[in-house]
Amino acid sequence: MADAAASRARYRRILRFAARYIAQAWWFELFLPRIGLARFAARGRAARLQTIARNFHGLAVSLGGLMIKVGQFMSSRLDVLPPEITKELEGLQDEVPPVDFASIRVLAEAELGLPLEVAFAWVDPAPLAAASLGQAHRARLTDAGAADTGFADVVVKIQRPGIDEIVAVDLAALRKVAGWLSRVRIVADHVDLPALIEEFAQTSREEIDYLHEAANAARFADNFRNDPRVGVPEVAWERATGRVLTLSDVSAIKINDVAGLREAGIDPAEVASEFANVMFDQLFRDGYFHADPHPGNIFVTPTPEQERAFRLTFVDFGMMGEVPDRLRRDLQQLVIAVASRNGKQLVDSIRDVGVLLPSADTVELERAMTALFARFGGMGFAELQRVDPREFQDFATEFGDVIRSLPFQLPENFLLIVRAVSLTSGLCSSLEPEFNMWDAVEPYADQLIRGERGNAVSAVAREALSIAAIAARLPRRLDDFVTRAEEGRLSIDSPRLDQRARRLERLARRAVSAVLFAGLFIGGAVLRPEDPVWGVALMVVSAVPFLHAVFAGFGDRRGL
């Protein structure tokens, strides 16, 4: 009965907090600007944000559970969220209150079926770390256990008692809040919040299954088995259950401990660059990535005996994400578009990824992206902070309505990708304020482009087929246009419309032939050094559309 009452109180407390600040945001950010009081609403925005963050900090620390994870995510968004929020929430990485060891002991012994003194040679009652869903204690395996595993010093991760019920209550509250927000048109048009909450729920349920986490750790380690940049703890499977997980002790310098890194002779800027590259590899090469890369889950291990000065050691594999093959290819194209500052290619990539619905009219968005790249492209986080805020405001004023009007959405499987990229960007910025994500993206994009060159033959062939398809369809569409005009299904205001339409059709056929010629000829020239047979064949075939483009014009000239 007491537990049920506590769960109801927790649920109501989360909903009261959400309702209060949703109402406040609606009043200041939507209603007041609509009645001409935008300047008044903006005047106290910084103080309001600080108050919200401070109050959420208190709520998260007192409740724990999934509220801690929400706060940790926001505290790492240094690149997007204002400092009024991130500074108030940054302590959530370390401020989770630990559970009394007596309670932890009862749960661990029940799971292992052994007294801790039998399961381990020694367990430290003081927690090494306290997280939102469990806490970790240093321990040592027995001699027999060490002989079996090959290591003796371990970290035992033990779930918080009753965490299943806490997660269930938090998810119920989040579902309710998502339902409220889904009634707001600007939210519903861009995000399917209920679907995202269900994706988050699935991830949370997997995160409290420690056997699932152990399997994740083994898979992650296999992906980086021959990579000296990355370290992963080993699993002591004989001491692993659904609620207890024993791993080799890999504790080292916490990745955001800038002073500790410098004391060890490690450049934080180099760590930021290496970390970004490793995360890119997970997302775009392996398609399997650590979705919770906050500072508490990554150590920097000095390796003075090796060629590299350090390696990045990841822990806590409860929240992992997968990128399907097609989505990974689309994301690679998006990276290339960003690195090349190509607004049109970026918009096309956003559409392919599924963030932008196919029905969207993207002409203005392409113009906005091109202008964005022209003005702010290549700037790092620190440089952007030095830009006059009025310039950002002018840009937002010019293109804000365009962007808000487009049918954006957050597709399935995308929540964890956004989380991982966001945490990566924020952590790199905290390591090195001058860190420029462009510098990390561009060399990675170069690697992707070089990789694509190996598929040049098939790519050119696909492009030629695409041009041929356009060439085949366009005259038919023009024929349909003329037919509708002849049948009176178009309003005709000029007696010479038929003649003009026929001339337009002939010009279109010549233009298509010219495009087809250019595509085949250039494709052949590009391929010729690597594949002479294909290259020469394409160049020879290009003569047919070339002759049509040149000589079909004589009839047009006689008809002028």
Side-chain angles (χ1 to χ4, degrees), residues 57 60-73 75-76 89-105 107-108 111 116 120 122-141 151-163 166-167 204 207-210 212-214 216-217 220 231-236 239-261 275 290-301 311-320 423 427 430:
H57 187 149
V61 170
S62 63
L63 291 181
L66 298 183
M67 297 301 103
I68 292 287
K69 291 204 165 290
V70 173
Q72 287 174 341
F73 174 70
S75 72
S76 299
L89 298 178
E90 61 186 6
L92 283 176
Q93 305 292 354
D94 303 300
E95 293 180 18
V96 181
V99 177
D100 180 69
F101 185 68
S103 301
I104 287 290
R105 173 189 286 274
L107 186 147
E111 281 291 304
L116 284 187
F120 300 96
W122 165 79
V123 178
D124 187 353
L128 173 65
S132 54
L133 305 182
Q135 64 189 47
H137 293 257
R138 277 200 171 95
R140 186 172 294 115
L141 294 175
F151 52 87
D153 293 329
V154 296
V155 171
V156 184
K157 186 175 177 181
I158 305 168
Q159 233 174 63
R160 288 174 174 262
I163 194 63
I166 290 173
V167 168
S204 300
E207 196 170 0
I208 57 178
D209 179 358
Y210 284 177
H212 186 268
E213 179 178 344
N216 289 343
F220 188 86
V232 182
E234 296 184 59
V235 180
R239 294 292 179 261
T241 73
R243 296 185 178 188
V244 175
L245 180 59
T246 305
L247 302 162
S248 59
D249 189 353
V250 293
S251 303
I253 305 170
K254 198 172 176 181
I255 192 171
N256 65 343
D257 182 1
V258 174
L261 292 173
F275 175 60
H290 197 299
D292 196 20
H294 67 74
N297 287 340
I298 305 159
F299 295 111
V300 177
T301 305
R311 69 171 175 268
L312 298 168
T313 303
F314 288 76
V315 298
D316 194 347
F317 299 92
M319 188 182 294
M320 302 295 291
L423 289 171
L427 181 51
S430 69

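Values below: all heavy atoms of this structure, side chains included; hydrogens, waters and symmetry mates excluded. By convention here, the first residue in the shown sequence is residue 1.
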**Request:** Taking side-chain hydrogen bond (donor to acceptor under 3.5 Å, both in side chains) as the test, write out the residues that go with T301, two or more places apart.
**Result:** T313

**Message:** Would you say that Q159 contacts I208 through its side chain, given a criterion of any heavy-atom pair below 4.5 Å between the two side chains?
**Reply:** yes

**Message:** The criterion is side-chain hydrogen bond (donor to acceptor under 3.5 Å, both in side chains); which residues satisfy it with D257, sequence neighbours excluded?
**Reply:** none

**Message:** Tell me whether R138 is salt-bridged to D249, with the criterion being a basic N under 4.0 Å from an acidic carboxylate O.
**Reply:** yes

**Request:** Return the minimal non-hydrogen interatomic distance between P293 and I298, and the atom names on each side.
**Result:** O-CD1, 3.6 Å

**Message:** A side-chain contact here means heavy atoms from C-beta on lying under 4.5 Å apart; do L427 and N256 qualify?
**Reply:** yes

**Message:** If you compare all heavy atoms of A217 against all heavy atoms of V232, which two are closest, and at what distance to 0.1 Å?
**Reply:** O-CG1, 3.8 Å

**Request:** Would you name the heavy atoms of A291 and L423 that are closest together and state the gap between them?
**Result:** O-CD1, 4.2 Å

**Request:** Using a 4.5 Å cut-off on heavy atoms from C-beta on, say whether the side chain of I255 contacts that of F299.
**Result:** no

**Fill in**
Rounded to the nearest 0.5 angstrom, the CG-CD1 distance for L66 and I163 is 7.0 Å

**Message:** As an exercise, state the distance from CZ of F151 to OG1 of T246, rounded to the nearest 0.5 Å.
**Reply:** 8.5 Å

**Prompt:** Does the side chain of K157 come within less than 4.5 Å of D316's, by heavy atoms?
**Reply:** yes

**Asked** Does any N or O in the side chain of S132 come within less than 3.5 Å of the main-chain N or O of I68, such that one atom is a donor and the other an acceptor?
**Response** no

**Pairwise distance NE2(H212) to CE(M320) - rounded to 0.5 angstrom** = 9.5 Å

**Asked** If you look at every heavy atom in D292 and E207, which pair is closest and at what distance?
**Response** OD2-OE2, 4.4 Å

**Partner residues of I104 under the side-chain contact (heavy atoms from CB on, under 4.5 Å) criterion, sequence neighbours left out** = V99, F101, Q135, H137, I158, P161

**Request:** Determine whether V244 and R239 make a side-chain contact, defined as any pair of heavy atoms from C-beta on separated by less than 4.5 Å.
**Result:** no

**Prompt:** Under 3.5 Å, is there a donor-acceptor pair between the T241 and E111 side chains?
**Reply:** yes

**Message:** Could you check whether any side-chain heavy atom of D209 comes within less than 4.5 Å of a side-chain heavy atom of E213, counting everything from C-beta outward?
**Reply:** no

**Request:** Would you mind reporting whether L128 and S251 have side-chain heavy atoms less than 4.5 Å apart?
**Result:** yes

**Message:** Does any part of the side chain of V154, heavy atoms only, come nearer than 4.5 Å to the side chain of R140, both counted from C-beta?
**Reply:** no

**Message:** So, using ring-ring contact (aromatic ring centres under 6.0 Å, His included) as the criterion, who are the partners of F220 when residues are at least two apart?
**Reply:** F224, F314, F317

**Message:** I'd like to know if the side chain of D153 reaches the main chain of S248, judged simply by a donor and an acceptor atom lying under 3.5 Å from each other, with no hydrogens or angles considered.
**Reply:** no

**Prompt:** Got a second to check how far I166's CD1 is from M67's CE, nearest 0.5 Å?
**Reply:** 11.0 Å

**Asked** Among all residues two or more places apart in sequence or in another chain, which pass the side-chain contact (heavy atoms from CB on, under 4.5 Å) test with L261?
**Response** I253, I266, P268, V271, V300, L431

**Asked** Between CG of N216 and OH of Y210, what distance do you get to the nearest 0.5 Å?
**Response** 13.0 Å

**Request:** Please identify each residue that fulfils side-chain hydrogen bond (donor to acceptor under 3.5 Å, both in side chains) with D124, with sequence neighbours left out.
**Result:** none

**Complete:** Taken to the nearest 0.5 Å, the spacing of M319 CE from S204 OG works out to 6.0 Å

